[in-house]
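First the proteins, then the strands, lettered A, B, ... as listed; each starts at 1. Both backbone and side-chain heavy atoms feed into the values below; hydrogens, waters and symmetry mates do not.
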Amino acid sequence: MIRRAGLLLATGAGLVLLLSLLVHVGVDLLPGDAATARLGPNATPERVAEVRHRLGLDQPVLVRYGDWLSGVLRGDLGTSVTGKPVTEMLSDRIGNSVVLTAVTLVLLVPLSLGLGVLAATRGGRPISAGALLLVSVPEFAIAGGLALVFAVTLRWLPAVSLIPLGDSPLTHPDALVLPVLSLLAVGLSYSVRAIRSAAVTAFGSPHVEFLRLNGISTRGVVRAAVVPAVLPVAVQVWLVTGVGLVGGGVLVEKVFGYPGIGELLVTSVQTGDLPVVQALVLVLGGAMLLALAVADLAVVLLTPRLRTRAVAA
Amino acid sequence: MTESRPRRITTKTVVLAVGGLAVALLLFGPLLAPHAATTPVAPPYAPPSAATPFGTDHLGRDVLSRWLHGGLPLVLTSLAAALTGAVAGAAAGLTAALTRSGWVENAVLRPLDAIAAVPPILVLLLTLIALPSRAGLVLAVTLAAAPLTARVTMAAAAQVAGRAHVEAAVARGENWAWLVGREVLPLIAATVLADAGMRFVSAVHLVAAAGFLGLGVSDSDWGLMIVDALPGAALQPWALAVPVIGVAALAIGANLLSDRVVRTSRGLAG
């Protein structure tokens with residue numbers, strides 16, 4: 001078990017390393033760089049060369065990558081085009097994005113399990129039809145629609161998530177509601193569909209039929225046979241959804257101006273602030289791979305057959 | 001009261017009519033639009049009127065005209081991207097399945113797996129930093145789609161590759177094109193087609209997202225219209241509602257269509 005976890009983490013770390021190298025080399029192939037982005041189009045070539053030298057951009061790309069990597073190991077993610085240290089720019093925002101994702105996941109887990117199992121029963125057709133419709137709608141369209149209904153028409157909630165710098169989003173719950181609802185709609189539609197198909201299989205299995213024929217109530221069947229069978233799949237689905245929320249959150253945060261890393265990523269891409277983009281890709285890619293590794297382990301832990309084999313090996 | 005045969009309006013008729021109307025709107029939208037997509041025709045945030053049925057946006061441009069102009073580029077780019085993604089992925093999957101060597105399979109599929117681990121929105125952003133153009137957008141969607149198609153095609157083709165008629169064709173000394181085109185592809189075409197439908201759904205999603213990020217394919221992209229309308233949504237809700245409904249309807253339509261292809265192809269594949 002521990003060896004497996006170690007192997008997964010090592011693979012993940014290797015992939016993150018590869019991803020960061022790709023981003024660096026890819027960015028190097030572009031016409032512009034941090035020096036031209038900082039000075040603007042009217043800078044003289046001498047001035048650009050001077051800044052480039054000061055920033056170390058005249059070094060070969062692999063040397064710079066090595067410097068960046070050793071900086072990351074010391075907790076220093078480099079300097080933004082605006083001159084601020086990237087670590088400082090990220091520190092508040094990572095927390096805000098984690099709060100957003102965590103609140104969404106806390107709501108998502110019970111809701112998707114309940115709705116997914118319900119959708120597999122006879123009365124569940126509307127739920128699965130709704131999930132099928134919703135699953136394809138882009139998250140920013142859902143977010144825009146929610147803003148239109150709850151912020152513009154009903155005026156119940158703010159359309160822009162104003163959270164003062166340094167405050168936790170949890171102290172401004174009204175700013176959190178619409179972003180969480182948007183992400184929840186995206187996550188729910190996918191996870192309900194996945195959990196439903198697992199539950200349909202579970203409902204059709206011989207031991208469920210046996211329980212039914214013995215007169216066990218539907219509630220009892222669900223508790224004793226369906227939920228345990230669905231759970232390994234569900235955990236996998238929740239973790240993958242959680243990772244998807246990190247990606248989907250990028251655009252939802254932008255819609256509501258929520259001060260998280262997604263909003264920062266979009267702004268940085270638009271202004272060409274490459275050091276920030278590189279750091280954010282590292283953070284997002286790392287989160288994704290960590291969640292996938294955890295999902296892999298969770299499946300082993302929750303499936304008795306795989307669990308005993310892992311112990312025996 | 002004369003006996004007349006009741007005209008039966010089935011779900012199918014309704015679906016066909018709505019779908020046909022939507023396709024016609026997309027195709028001929030630019031011709032139907034009363035104004036140009038980029039010229040201001042009224043004061044900013046003007047409410048709906050006879051000349052501008054859905055009002056104007058933050059620069060005074062007609063919302064309806066922008067919407068009509070923006071649909072076709074969005075759909076065409078998504079189609080092109082989904083097609084290249086499906087073809088590239090299917091080629092990779094077929095190569096891995098037909099060579100039947102672990103080395104080739106690893107060399108082809110492992111790099112694709114690594115790409116599949118990156119969230120599509122990140123793939124999109126990274127590609128568009130490097131190539132901020134329509135070609136870059138198609139490349140981004142291809143990169144996001146190909147790994148999944150390759151997996152699906154590989155799984156389907158691997159089951160066919162070992163069958164007797166393929167073995168016989170190999171023994172006859174048929175070339176690659178024959179093997180793929182005559183022996184394998186006809187048996188897995190349904191699966192590949194169904195997968196391509198799903199790639200189109202995600203292509204619509206990504207292309208609209210690129211517009212939302214201001215990196216889109218046209219100056220009246222629906223995604224761009226949404227992001228433009230957000231700050232003034234309280235003043236002119238129509239400017240936000242129209243593109244939101246457009247994106248949602250397109251995505252849902254594409255999804256239902258691909259779902260239908262999946263169901264039909266299951267019947268074909270048996």
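There is no contact between Leu134(A) and chain B, counting heavy-atom distances below 4.5 Å. If you measure heavy-atom distances from Leu213(B) to chain A, the contacts under 4.5 Å come from both the backbone and the side chain. Using a 4.5 Å cut-off between heavy atoms, Val277(A) touches chain B through its side chain atoms alone. Leu250(B) does not touch chain A: none of its heavy atoms, backbone or side chain, sits under 4.5 Å away.
By the 4.5 Å heavy-atom criterion applied to side chains, Ile226(B) and Val255(A) are not counted as neighbours.
Counting all heavy atoms, side chain and backbone alike, Leu148(A) lies closest to Pro237(B) at CD1-O, 3.8 Å. Taking both residues in full, the closest heavy atoms of Phe212(B) and Lys254(A) are given as CE2-CG, 3.6 Å, listed atom of the first, atom of the second, then distance. Residues Ala141(A) and Val247(B) share a closest heavy-atom pair of CB-CG1, 4.0 Å. Shortest non-hydrogen contact noted between Leu240(B) and Gly144(A) is CD2-O, 3.9 Å.
Scored by the side-chain contact (heavy atoms from CB on, under 4.5 Å) test, Leu257(B) finds no partners at all (sequence neighbours excluded). Among residues two or more places apart in sequence or in another chain, the side-chain hydrogen bond (donor to acceptor under 3.5 Å, both in side chains) test is passed with Thr104(A) by none.
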Q | From CA spacing to verdict: side-chain contact (heavy atoms from CB on, under 4.5 Å), Leu122(B), Leu265(A) | A | CA-CA 10 Å; Leu122(B) 268 187; Leu265(A) 178 62; 4.0 Å; yes
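Atom CH2 of Trp238(A) sits in a crowded spot, with more than 12 heavy atoms from other residues, nucleotides or ligands closer than 6.0 Å.
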